[in-house]
Q: 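Below is a structure I'd like to ask you about.
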Protein chains: 2
Amino acid sequence: MKQKSGKSNLMPAEHIAVFGAPDEEKLFEMAELFKVFADSTRIRVLYAMFEQEMNVSQICEKVEMSISAVSHQLRLLKQSRLVKCRREGRKAYYMLADDHVKTIIGMAKEHIEED
Amino acid sequence: MKQKSGKSNLMPAEHIAVFGAPDEEKLFEMAELFKVFADSTRIRVLYAMFEQEMNVSQICEKVEMSISAVSHQLRLLKQSRLVKCRREGRKAYYMLADDHVKTIIGMAKEHIEED
DNA sequence: CAAATAGTTGAATAACTGTTCAAGTATTCA
DNA sequence: TGAATACTTGAACAGTTATTCAACTATTTG
């Protein structure tokens, strides 16, 4: 159950890596990305920004959560570089970082709507 | 902070729902789907089936996890209908349920490889 | 039938996550 | 400057999740 090295004896070596999984670090990053989307309130926070940038209070109203909870989630989203933030006076406007967010969410929506 | 009904006074009503978030249940299902992908060992288990169907022991070897741990994860993946299972004697062969799995994983991979 | 193989399952535990609460910073306004 | 607004942050708590362990079922082989 522990044999990291040593090639499989079932298949020629040149075939092994073709569809192989990415390395551990990449897998970890992929999982991290999915984790961000793995919470319905966080998806709602992202949806709040689909049309236009929003400040924290506006997001709070839209998703019906406390300022603190939203702020915590926004920090997470910012760390994952899924949203970016612009300051104007004492307000902080958040917006989607790129179209990837919409695409990924759209795919999940499609998937659950199918079959 | 609690005003579920009552239209926004910032925008004509017919624009409100266009990009609106799906209902709570759908959001929840979307989050559930992402949760399944939100674990690097589970992604590795899925990758193990990219080329061909595999029985549990083969998956264990490939991902270097205990039979029990893999079996638990496979149950989860089966419940989410991301994999399906075929029995042959005392062996249980698992395979990806459809191409959606590869597409979703591929998207995450692209995203983390960019920028 | 008994032993071995292949996998499943439930309970327990340890680690992680989301929300709240309380306290903090930063900016504007009077 | 003092009060109000708009957040941010850290700690704590409750709920969730992944792995392990032990016990179990099902199938095959001798």
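None of these values were measured; they are calculated from a predicted model. Labels below follow one simple rule: chain letters A, B, ... track the order of the sequence lines, proteins then strands, and each chain is numbered from 1.
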Q: Would you say the side chain of B/Val63 lies within less than 4.5 Å of the side chain of B/Thr41, judging by non-hydrogen atoms?
A: no
Q: Whole angstrom is fine here: how far is it from CZ in B/Phe34 over to P in C/dT17?
A: 17 Å
Q: How close do B/Gln58 and B/Met54 get, heavy atom to heavy atom, and via which atoms?
A: OE1-CA, 3.5 Å
Q: Expressed in angstrom and rounded to an integer, what is the separation of B/Gln79 atom CD from C/dT8 atom P?
A: 12 Å
Q: Restricting to nitrogen or oxygen on both sides, can you table the protein-nucleotides 9-12 of chain D pairs closer than 3.5 Å?
A:
| from | atom 1 | to | atom 2 | distance (Å) |
| --- | --- | --- | --- | --- |
| D/dT9 | O4 | A/Ser68 | OG | 2.7 |
| D/dG10 | O6 | A/His72 | NE2 | 2.8 |

Q: Ignoring backbone atoms, test whether B/Tyr94 places a side-chain nitrogen or oxygen under 4.0 Å from the OP1 or OP2 oxygen of C/dT8.
A: yes
Q: Tell me whether A/Lys62 at atom NZ has more than 12 heavy atoms from other residues, nucleotides or ligands lying less than 6.0 Å away.
A: yes
Q: Within this structure, what is the CZ-to-P distance between A/Arg90 and D/dA4, rounded to whole angstrom?
A: 12 Å
Q: Taking the cut-offs as 6.0 angstrom to the six-membered ring centre and 45 degrees off its axis, would you call B/Lys109 and B/Phe37 a cation-pi pair?
A: no
Q: Rounded to whole Å, please give me the gap between NZ in A/Lys91 and P in D/dA4.
A: 18 Å
Q: Do B/Leu74 and B/Ile59 come close enough that some side-chain heavy atom pair is under 4.5 Å?
A: yes
Q: Measuring only between side-chain heavy atoms, which start at C-beta, is A/Leu33 closer than 4.5 Å to A/Leu82?
A: yes
Q: So, does A/Asn55 get its side chain near the phosphate of D/dA6, meaning an N or O under 4.0 Å from OP1 or OP2?
A: no
Q: Could B/Glu64 and B/Arg44 be called an ion pair, given the rule that one side-chain N must be under 4.0 Å from one carboxylate O?
A: no
Q: Could you go through nucleotides 16-18 of chain D and list every protein N or O atom that sits under 3.5 Å from one of its N or O atoms, giving the distance for each pair?
A:
| from | atom 1 | to | atom 2 | distance (Å) |
| --- | --- | --- | --- | --- |
| D/dA18 | OP1 | B/Arg42 | NH1 | 2.9 |
| D/dA18 | OP1 | B/Arg42 | NH2 | 2.8 |

Q: Looking only at side-chain atoms of B/Ser66, point me to the closest of C/dA6, D/dT20, D/dA6.
A: D/dT20
Q: Hey, does the side chain of B/Ser57 come within less than 4.0 Å of C/dA6's phosphate (OP1/OP2), counting only N and O?
A: no
Q: Can you check the A/Gln58 CD to D/dT5 C1' distance for me, whole Å?
A: 14 Å
Q: Between D/dT5, D/dT8, C/dG7, which one does the side chain of A/Arg87 approach most closely?
A: D/dT8
Q: Expressed as a whole number of angstroms, how long is the span from A/Arg86:CZ to C/dT27:P?
A: 15 Å
Q: Take atom CZ of A/Phe28 as the centre, draw a 6.0 Å sphere, and report whether it contains more than 12 heavy atoms from other residues, nucleotides or ligands.
A: no
Q: Charged N to carboxylate O below 4.0 Å: is that the case for B/Lys26 and B/Glu29?
A: no
Q: In whole angstrom, give the distance that lies between atom CD of B/Glu88 and atom P of C/dT5.
A: 19 Å
